[in-house]
Every structure is written in C-alpha cells, then in structure tokens.
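Counting convention: from 1, in listed order, for ligands and their atoms alike. Just so you know, residue 1 is the first one in the sequence shown, and it goes up from there.
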Amino acid sequence: MYSKILILRFPKNEVHKPIVYHLTKDYDLVFNILNAAILPRKEGVAVLEVSGSKKNFKEGIKFLKAQGVKVQNASQEIKRNKRKCTDCGACTAVCPTGALAVQRPEMKVIFDQKKCSICELCVPACPPRAMEVLPTHQAFFE
Ligand code: SF4
Ligand code: SF4
C-alpha cells in the first residue's frame, strides 16, 4: 500500500466539480480529506491523504493534473545539497521531468525544484548523495 499526503490546488472554474471522487471511482484510491478551503481568489485548496497501489496512485495524479489541478507532496521534498554537488551530471540522466539539467556552456547542473515530481530517482543516482529527501515545512494555506 502506497500512501502520501498531498496538497491539491484547484483552479477556480474547477472548484465545484467532483474531481477527487474520481480517485476512488476510477483509480481505486482511498482518500481522507485533512483540510480544505476556498481561497479569496476563489481557487480551492485541499489537503488529502491518498492511499492505494503505486500504479493507481501515479495514474490518479496524472488524471488530477490533466484536470488542471496542481498537486504537491505535503510531506517531503527534494533538495540539492550544493556543498556536496560536484556537477558531475549523473542525476540529469535519470530525472524524468527535466528538473535537473546541464546548463551550457558553463556545464553547471541546475535544479529547478518547481519541475520536480519527487520521484526520488536522482537520490541513489548521485555519487556523493547530494540529492536529499527532506520533510517539507511549507504552510498548507498561504
Ligand atoms: S526527484 Fe525525480 S523529478 Fe525530482 S529532481 Fe530527482 S529525478 Fe528529477
Ligand atoms: S549526480 Fe549529484 S553530484 Fe552529480 S550533478 Fe547531480 S546532484 Fe550534483
């Protein structure tokens, strides 16, 4: 069983649609709403604990994103420890989202955290273990 706490941000025209219900109906995922709110700009934010098989979890997240929902992992994030990084580039070969990329002509490895899907593939691929999984301290509702 795979389980994560997610922050979902719904665009204002999608707030009243039963998008989350499809996680159970179509992807056999169990969810528990920990918090939910409509922000002043009318976009919706919900914090959910979602559980199920890893495959269904990935498919469910893909579905949410296709509906325009921004999905964030509430419990952990990936950081690069710049003191340990040697710019070897090994992580860029495994990163599926382009969050890690070689900047030319400097040949420096850049990390764009906004593109990171927290798949953790870069963690074991990094020889000096510069990519670290850390608990996130982000506030749920800004
Ligand atoms: S966790 Fe995944 S998406 Fe994020 S930087 Fe590492 S390989 Fe790329
Ligand atoms: S694999 Fe590690 S050391 Fe190499 S560029 Fe990526 S983060 Fe830096």
Side-chain angles (χ1 to χ4, degrees), residues 1-15 17-39 41-142:
M1 179 73 78
Y2 195 70
S3 180
K4 278 198 192 267
I5 297 175
L6 303 175
I7 305 171
L8 308 183
R9 292 174 189 271
F10 300 85
K12 62 179 173 187
N13 51 339
E14 305 289 348
V15 162
K17 292 186 187 168
I19 293 175
V20 171
Y21 161 73
H22 286 276
L23 293 180
T24 300
K25 183 174 166 285
D26 300 334
Y27 301 98
D28 203 24
L29 295 168
V30 177
F31 66 86
N32 181 21
I33 298 178
L34 304 176
N35 212 334
I38 308 278
L39 301 184
R41 297 187 301 274
K42 307 285 187 211
E43 73 173 315
V45 180
V47 182
L48 263 61
E49 183 170 16
V50 183
S51 311
S53 77
K54 197 163 184 174
K55 182 174 172 291
N56 288 353
F57 189 95
K58 278 187 178 173
E59 293 296 319
I61 299 297
K62 211 192 281 180
F63 163 77
L64 289 174
K65 288 184 173 172
Q67 307 306 307
V69 179
K70 288 188 189 144
V71 184
Q72 266 180 302
N73 189 330
S75 54
Q76 59 188 37
E77 61 187 346
I78 298 286
K79 291 266 187 197
R80 178 171 54 161
N81 185 331
K82 286 187 178 165
R83 280 181 292 117
K84 287 188 185 171
C85 177
T86 59
D87 290 295
C88 72
C91 55
T92 65
V94 298
C95 179
T97 65
L100 288 157
V102 178
Q103 190 169 44
R104 294 169 200 276
E106 302 91 338
M107 302 306 283
K108 284 262 177 204
V109 172
I110 51 167
F111 175 44
D112 183 349
Q113 199 168 23
K114 291 193 292 300
K115 290 185 183 171
C116 176
S117 66
I118 320 174
C119 70
E120 302 180 22
L121 289 174
C122 56
V123 176
C126 173
R129 297 289 184 265
M131 300 305 293
E132 298 169 349
V133 185
L134 299 172
T136 181
H137 300 294
Q138 182 178 358
F140 283 173
F141 303 109
E142 295 146 5

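Against a heavy-atom cut-off of under 4.0 Å, Phe111 is close to the following atoms of ligand 1: 5 (S). Counting the atoms of ligand 1 from 1 in the order shown, those under 4.0 Å from a heavy atom of Cys122 are 1 (S), 5 (S), 6 (Fe), 7 (S). Close contacts of ligand 1 with Leu100, meaning ligand atoms under 4.0 Å from a residue heavy atom, involve 5 (S). Each of the following atoms of ligand 2 lies closer than 4.0 Å to a heavy atom of Met131: 7 (S).
Atoms CG and NZ, on Leu64 and Lys70 in that order, are 14.0 Å from each other to the nearest 0.5 Å. Atom CG of residue Leu29 and atom OG of residue Ser3 lie 10.0 Å apart, to the nearest 0.5 angstrom.
Of the protein's heavy atoms, Glu120 N, 3.2 Å lies nearest to atom 1 (S) of ligand 1. For atom 4 (Fe) of ligand 1, the nearest protein heavy atom (residue, atom name, distance) is Cys116 SG, 2.4 Å. Protein heavy atom closest to atom 2 (Fe) of ligand 1, with residue, atom name and distance, is Cys119 SG, 2.3 Å.
Closest approach of Ala125 and Val94 over heavy atoms only: CB-CG2, 3.8 Å.
No donor-acceptor distance shorter than 3.5 angstrom exists from the side chain of Arg9 to the backbone of Gly44, with no hydrogens or angles considered.
Within a 6.0 Å radius of CG in Asn32, more than 12 heavy atoms belonging to other residues, nucleotides or ligands are found. At most 12 heavy atoms of other shown residues, nucleotides or ligands fall within 6.0 angstrom of atom NZ in Lys58.
With sequence neighbours left out, Tyr2 forms a ring pair (Phe, Tyr, Trp, His ring centres under 6.0 Å) with Phe57. Taking the salt bridge (charged side-chain N to carboxylate O under 4.0 Å, His left out) definition, one finds that Glu132 meets it with Lys84, sequence neighbours left out.
For atom 4 (Fe) of ligand 2, the count of nearby protein N, O or S atoms, meaning those under 2.8 Å away, is 1.
Among the atoms of Cys95, an N, O or S atom is found under 2.8 Å from atom 8 (Fe) of ligand 1.
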Residues 95-112 side chain polar contacts: donor-acceptor under 3.5 Å, at least two apart:
unit_1	atom_1	unit_2	atom_2	d
Thr97	OG1	Ala99	N	3.3
Thr97	OG1	Lys115	O	2.9
Asp112	OD1	Lys114	N	3.1

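Using a 4.5 Å heavy-atom threshold, the side chains of Ile61 and Leu6 count as touching.
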